[in-house]
Amino acid sequence: MSERYNAKEIEAKWQAGWEAEGAFHADTDSPRPKYYVLEMFPYPSGNIHMGHVRNYTMGDVVARYKRARGFNVLHPMGWDAFGLPAENAAMERRVHPGEWTYANIAIMRRQLKSMGLSLDWRREIATCHPGYYVHQQRMFIDFLKAGLAYRKESWVNWDPVDNTVLANEQVIEGKGWRSGAVVEKRLLSQWFFRITAYADELLRALDGLTRWPDKVRLMQGNWIGRSTGARIFFPLLGGADAAQRLEVYTTRPDTLFGASFCALSPNHPLSVELARGNPAIADFAEQCNRLGTGEEAIETAEKIGIDTGLRAGHPFIEGCELPVYVANFVLMDYGTGAIFGCPAHDQRDLEFARKYGLPVIPVVCPPGSDAGAFEIGAEAFTDDGTLINSDFLDGLDVQSAIATVNERLESTGYGEATINYRLRDWGISRQRYWGCPIPVVHCPDCGVVAVPYDQLPVRLPDDVAFDAPGNPLDSHTEWRDVPCPACGAAARRDTDTMDTFVDSSWYYARFCSPRRDEPVAADDVEQWLPVDQYIGGVEHAVLHLLYSRFFMRAMKRCGYVTIDEPFAGLFTQGMVCHETYRNRAGNWLYPEQVKPDGKGAMVGVKDGAPVQVGRSVSMSKSKRNTVDPEQIIETYGADTARLFMLSDSPPERDLEWSDTGIKGAWRYLTALWRMVTELGEGSEDGRGPGLDSASTRDDTADVAAQRAIHQTIEGVTSDLEKFHFNRAVARIRQLTNRLGEMDRQAAASEQTYRQGLEIVLRLLAPMTPHICAELWRHLGRENSLLDMDWPLAEAEYLAEDSVTVPVQVNGKKRATIELPSDHDEAGAESAALANEAVQRAIAGKAVRKVIVVQGKIINVVV
RNA sequence: GCCCGCGUGGCGGAACUGGUAUACGCGACGGACUUAAAAUCCGUUGGCCUAACGGCCAUGGGAGUUCAAGUCUCCCCGCGGGCACCA
């Protein structure tokens, strides 16, 4: 009589066992090749969610699989523990952010441990711990000395609700990503990392990241946004300073003769200067800043500007004066913050010119058009063509015109060819408490002074108040007011803290030497970096991954590491989705609050009232379409949850959560449990030779079943190598079904059956480790499944004696015939033509041609 | 608007470099067990025609290349993602 499958019991047992023996401690002194598997570390928000379960299951499959393949695996876990939610919690519930964070970590650590992940918990780190951020402060100072960190006045996105500065990427449709408040522009003194110094390098190195998804490389490439163009100087006429000139950037210097105006960003220094003496310009600039990018597309779509009264001289047209506008569509952060407008060949410029009655001069004529008759209507012409109305450029194509005009610009001193990037420097200052303090002091005499290394870390003070708006560090005078480390005069600490993206830009390196006194130890990073397989959400495709790539290079420059790229392999997984439910009042309902009414609709569990079923979207608390992993693990066990996460959906796509799906996974494990436990404990001699020891083919056994076993090994192995977890699961289930259908009368078949189940356990072990370990033990195996090498398919079992080959007549399948595997063309042809169904399909017509693809298909053409 | 990606049964999805479309799972239907239900087990399950043998039609739509197209090419439709005044 076999015991019932009790997931909870066996999972607890095996987890305790693994922990006790330190089974997953990464070996720093091993002859085996290293493999570093890392999943993006979680923010300790309070509870793990299904996205974590999916992410960490995939990473664990890779870790356990690579271990079985003979690698020395590093698989660590930590906490992205600084950030705004902790401060919000502090304000709402009057708990200290640190207390809240560490309490959450304790909960989530327990939850993660219940998943049975093969993690080296000795290496756990939390970015909010002084033992972590002390090193970050040290590196900040190194970056500062290396010129990679600097301070500048800059326009920032100010979130008036969170009272903080937002990165561009944290502004979504003009609103703060967290608060949703309309973002304002403000001028503040900010710390920046000089990521633009590596713009070209970061772009070019993307080609070498062959184990990254193309999609991510493309997105990063677009983000960096390299363009070739020219800077052009327009002399300003009639200004106070006659020597003043306006510098613009253009990708189309060839259209210079079509210029009809210049335009400045409202935040351009010249605009700011003009605004001081001109209330209309000041008003306009303010209006632009207030609008930001957040207003309706229709409103912002309109290109508006204001004439400054200034005039710019054309570099190459004597006496030509262009009006200078301040315009809402010119960005200060791109190029030089000023443009020349060529309405004929740029759609925005055209709209602007039409609005303000500016000339539209075509200078590029489309191929085949008559230069004299060519006119611009409602659409600018942006394609290649022949230059017209352009003096020394006339007759050239666009490419040569660009080269020619660039030469002339350089020889006359009116400009130069240049390369421009969309990428901007990384602003890291945050006006928040719960972050890594920026380790500098502002001294009235010495200016910015780095805190000396031996005074690090600059610890966050514990006694802070969150009742006042703004940054609590600002109002904490005892912490803030310190003597200057250089001269001893009264000075102030920098009260900004770092963007949490800084924390996550090097944590993967810290895992290599989590307790060392230096940020990273050379021997440790030499052993482990780069990360061989990184796994996480595609939402981090640009920022986190780009910042980390920059950070590794900055660390290299400061002598910490010798490599450039932190992540050799990257996999971006899809989200976990669920249907959404709303009651008649429009309130969101949790899945457990609704049930089917039996007629295909959903109703409330309590009141039976009809429920509107919405489309399936990523699980989120706000829509209440979440399923709690802890509940699922409690009910079905971690193995079932893990198996479901890997089944059905390809890992890069979104996964639809379904109750029936998880039940299906549970059913399978229960059935497997029964199959194995019904066998009874095998004795060593009753079991016969294991597959790993017997490589000579035993023809007394069930050869077809053995072949299925080896084909499954082969298939699952290649699936796991390629991250095709769903296919691997399908194959293992298929083999299990196949074994279940076996006629086991003969002793040899019984033996094959047992071997088959052992293989199922070994193949499934990375996915559902607890049940496999338990059943492995049940089969009488004394050695740990964890220490078993990955099974290898044997070629002699993969080869078939005969093949089933479909026969087509004119491309339609009419029959299948059995042929020996090594059949020749003639034999295949005659066998095919001898087939009755084939003859019927030919229907007496003349056979024109017979195509035989050995072992694949036969096509008879009539 | 620009740049990517994806469209296969009732559903999630298989199908390696063009070679048996629908593996595996879910659901549904039928049956067994049960007083009954749940659970479990067995069977059927792309659509249409046929009493049956069998045939026809199906991978978003339309063309093309090929002995052969889910797979390659072109056009169109739909969905999703990224960037969005980038000069």
Side-chain angles (χ1 to χ4, degrees), chain A residues 169 173 213-216 218-223 225-227 229-230 232 248-253 255 262-263 265 293 297 300-303 327-331 333-342 345-349 351-352 420-424 538-539 541-542 616 643-644 647-650 652-665 667-668 670-671 674 715 718-719 722 724 726-737 803-816 837 840-841 848-862:
Chain A
E169 50 274 9
E173 289 174 3
D214 290 341
K215 180 175 61 171
V216 173
L218 188 77
M219 281 163 71
Q220 291 212 354
N222 291 339
W223 189 263
R226 184 182 195 270
S227 69
I232 303 179
V248 308
Y249 174 74
T250 180
T251 53
R252 292 293 304 274
T255 64
C262 286
S265 161
T293 48
T300 48
E302 192 183 5
K303 319 271 176 281
N328 65 345
F329 65 93
V330 183
L331 302 174
D333 289 321
Y334 186 82
T336 61
I339 62 158
F340 79 78
C342 177
H345 305 290
D346 182 287
Q347 192 59 31
R348 288 155 311 182
D349 296 348
E351 285 170 39
F352 192 80
N420 190 56
Y421 297 91
R422 179 185 175 276
L423 183 71
R424 285 168 232 158
V538 73
E539 66 273 19
V542 176
S616 183
L643 183 62
F644 175 60
S647 309
D648 299 348
S649 294
E652 69 280 5
R653 280 205 224 165
D654 287 352
L655 172 115
E656 177 66 23
W657 177 269
S658 80
D659 286 333
T660 53
I662 190 115
K663 285 196 178 95
R667 242 194 322 261
Y668 170 74
T670 310
R674 202 178 321 110
S718 87
D719 284 340
K722 288 182 265 180
H724 293 160
N726 56 323
R727 298 204 301 208
V729 171
R731 270 187 226 276
I732 295 170
R733 297 182 76 137
Q734 198 165 23
L735 176 62
T736 314
N737 292 346
V803 281
T804 309
V805 177
V807 183
Q808 298 181 326
V809 176
N810 282 351
K812 275 192 206 297
K813 189 182 87 174
R814 295 298 173 182
T816 56
R840 209 179 321 124
R848 287 200 291 159
K849 199 173 29 135
V850 179
I851 288 139
V852 179
V853 181
Q854 220 260 336
K856 291 267 186 175
I857 205 161
I858 299 163
N859 194 3
V860 180
V861 186
V862 297

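Chain naming here is simple, since letters A, B, ... match the order of the sequence lines and numbering starts at 1 in each. In this text, all values refer to a predicted model and were calculated from it rather than measured experimentally.
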When you get a sec, tell me which of [options] is the closest nucleotide to the side chain of [X]?
X	options	answer
A:Gln734	B:A87, B:A23, B:C3	B:A23
A:Lys813	B:A87, B:C83, B:A21	B:A21
A:Ile857	B:G19, B:A87, B:C4	B:G19

Counting the atoms with a prime plus P, OP1 and OP2 as sugar-phosphate, which does [X] contact under 4.0 Å by heavy atoms, base, sugar-phosphate, or nothing?
X	result
A:Gly335	nothing
A:Asn737	sugar-phosphate
A:Val850	nothing
A:Ser718	nothing
A:Arg733	sugar-phosphate
A:Arg731	nothing

[N] versus [M] - spacing of their [atom1] atoms, nearest Å:
N	M	atom1	result
B:A39	B:A32	C1'	14 Å
B:G61	B:C77	C1'	7 Å
B:G18	B:G70	C1'	10 Å
B:G80	B:G30	C1'	40 Å
B:U73	B:G7	P	14 Å
B:A21	B:U71	C1'	11 Å
B:C72	B:U8	P	16 Å
B:A28	B:A37	P	15 Å

Can you tell me how far [atom2] of [N] sits from [atom1] of [X], to the nearest Å?
X	N	atom1	atom2	answer
A:Met219	B:A84	CE	P	11 Å
A:Asp659	B:G25	CG	C1'	15 Å
A:Lys215	B:G80	NZ	P	15 Å
A:Leu218	B:C2	CG	P	16 Å
A:Glu539	B:C83	CD	P	12 Å
A:Gln220	B:G82	CD	C1'	12 Å
A:Arg422	B:C85	CZ	C1'	12 Å
A:Asp333	B:A84	CG	C1'	15 Å

Applying salt bridge (charged side-chain N to carboxylate O under 4.0 Å, His left out), name anything that partners [X], two or more places apart in sequence or on another chain.
X	value
A:Arg667	none
A:Asp719	A:Arg727, A:Arg731
A:Arg653	none
A:Arg252	A:Asp254

Check whether the side chains of A:Ser647 and A:Tyr668 place a donor and an acceptor atom closer than 3.5 Å, and report yes or no. no

Ring pair (Phe, Tyr, Trp, His ring centres under 6.0 Å) with A:Tyr334: which residues, sequence neighbours excluded?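 Here no residue qualifies.
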
Taking only residues two or more places apart in sequence, or in another chain, which ones meet A:Phe644 in a ring pair (Phe, Tyr, Trp, His ring centres under 6.0 Å)?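 Result, ring pair (Phe, Tyr, Trp, His ring centres under 6.0 Å) vs A:Phe644: A:Trp657.
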
Could you check whether any side-chain heavy atom of A:Asn810 comes within less than 4.5 Å of a side-chain heavy atom of A:Val861, counting everything from C-beta outward? yes

With a 4.5 Å cut-off on side-chain heavy atoms, are A:Ile857 and A:Pro806 touching? yes

Please name all residues satisfying side-chain contact (heavy atoms from CB on, under 4.5 Å) with A:Glu652, sequence neighbours left out, ordered by chain then number.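 For A:Glu652, the residues satisfying side-chain contact (heavy atoms from CB on, under 4.5 Å) (neighbours in sequence not counted) are A:Phe571, A:Pro650.
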
Please name all residues satisfying side-chain contact (heavy atoms from CB on, under 4.5 Å) with A:Lys215, sequence neighbours left out, ordered by chain then number. A:Met219, A:Val538

Within the structure, does a side-chain N or O atom of A:Tyr249 lie under 4.0 Å from either OP1 or OP2 of B:A87?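 Indeed not, no polar side-chain atom of A:Tyr249 lies that close.
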
With respect to the phosphate group of B:G55, does any side-chain polar atom (N or O) of A:Arg814 fall under 4.0 Å of OP1 or OP2? yes

Can you name the atoms? Protein N/O to nucleotides 66-68 of chain B N/O, anything below 3.5 Å, with the distance.
unit_1: B:C67; atom_1: O2'; unit_2: A:Asn859; atom_2: ND2; d: 3.0
unit_1: B:C67; atom_1: O2; unit_2: A:Asn859; atom_2: ND2; d: 2.8

Please list each protein N or O that sits under 3.5 Å from an N or O in nucleotides 40-49 of chain B, with the distance.
none

Hits for side chain to side chain donor-acceptor pair (under 3.5 Å) against A:Asn737, two or more places apart or cross-chain, chain-then-number order -> none

Assigned partner base of [N], Watson-Crick or wobble definition, under 3.5 Å:
N	result
B:U71	none
B:U34	none
B:A51	none
B:G78	B:C6
B:U59	none
B:U45	B:G27
B:G1	B:C83
B:U66	none

Can a donor-acceptor pair be found, under 3.5 Å and without considering hydrogens, that links the side chain of [X] to the backbone of [Y]?
X	Y	answer
A:Asp346	A:Gly341	no
A:Asn328	A:Lys303	no
A:Asp349	A:Cys342	yes

Contacts under 3.5 Å, N or O only, protein and nucleotides 10-13 of chain B:
unit_1: B:G12; atom_1: O2'; unit_2: A:Ser649; atom_2: OG; d: 3.1
unit_1: B:G12; atom_1: N2; unit_2: A:Asp648; atom_2: OD1; d: 3.0

Closest-nucleotide 5' rank along RNA chain B - winner of A:Tyr334 and A:Gly661: A:Gly661

Quick check on B:G30: syn or anti? Syn means the glycosidic torsion is within 90 degrees of zero.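 Anti conformation for B:G30.
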
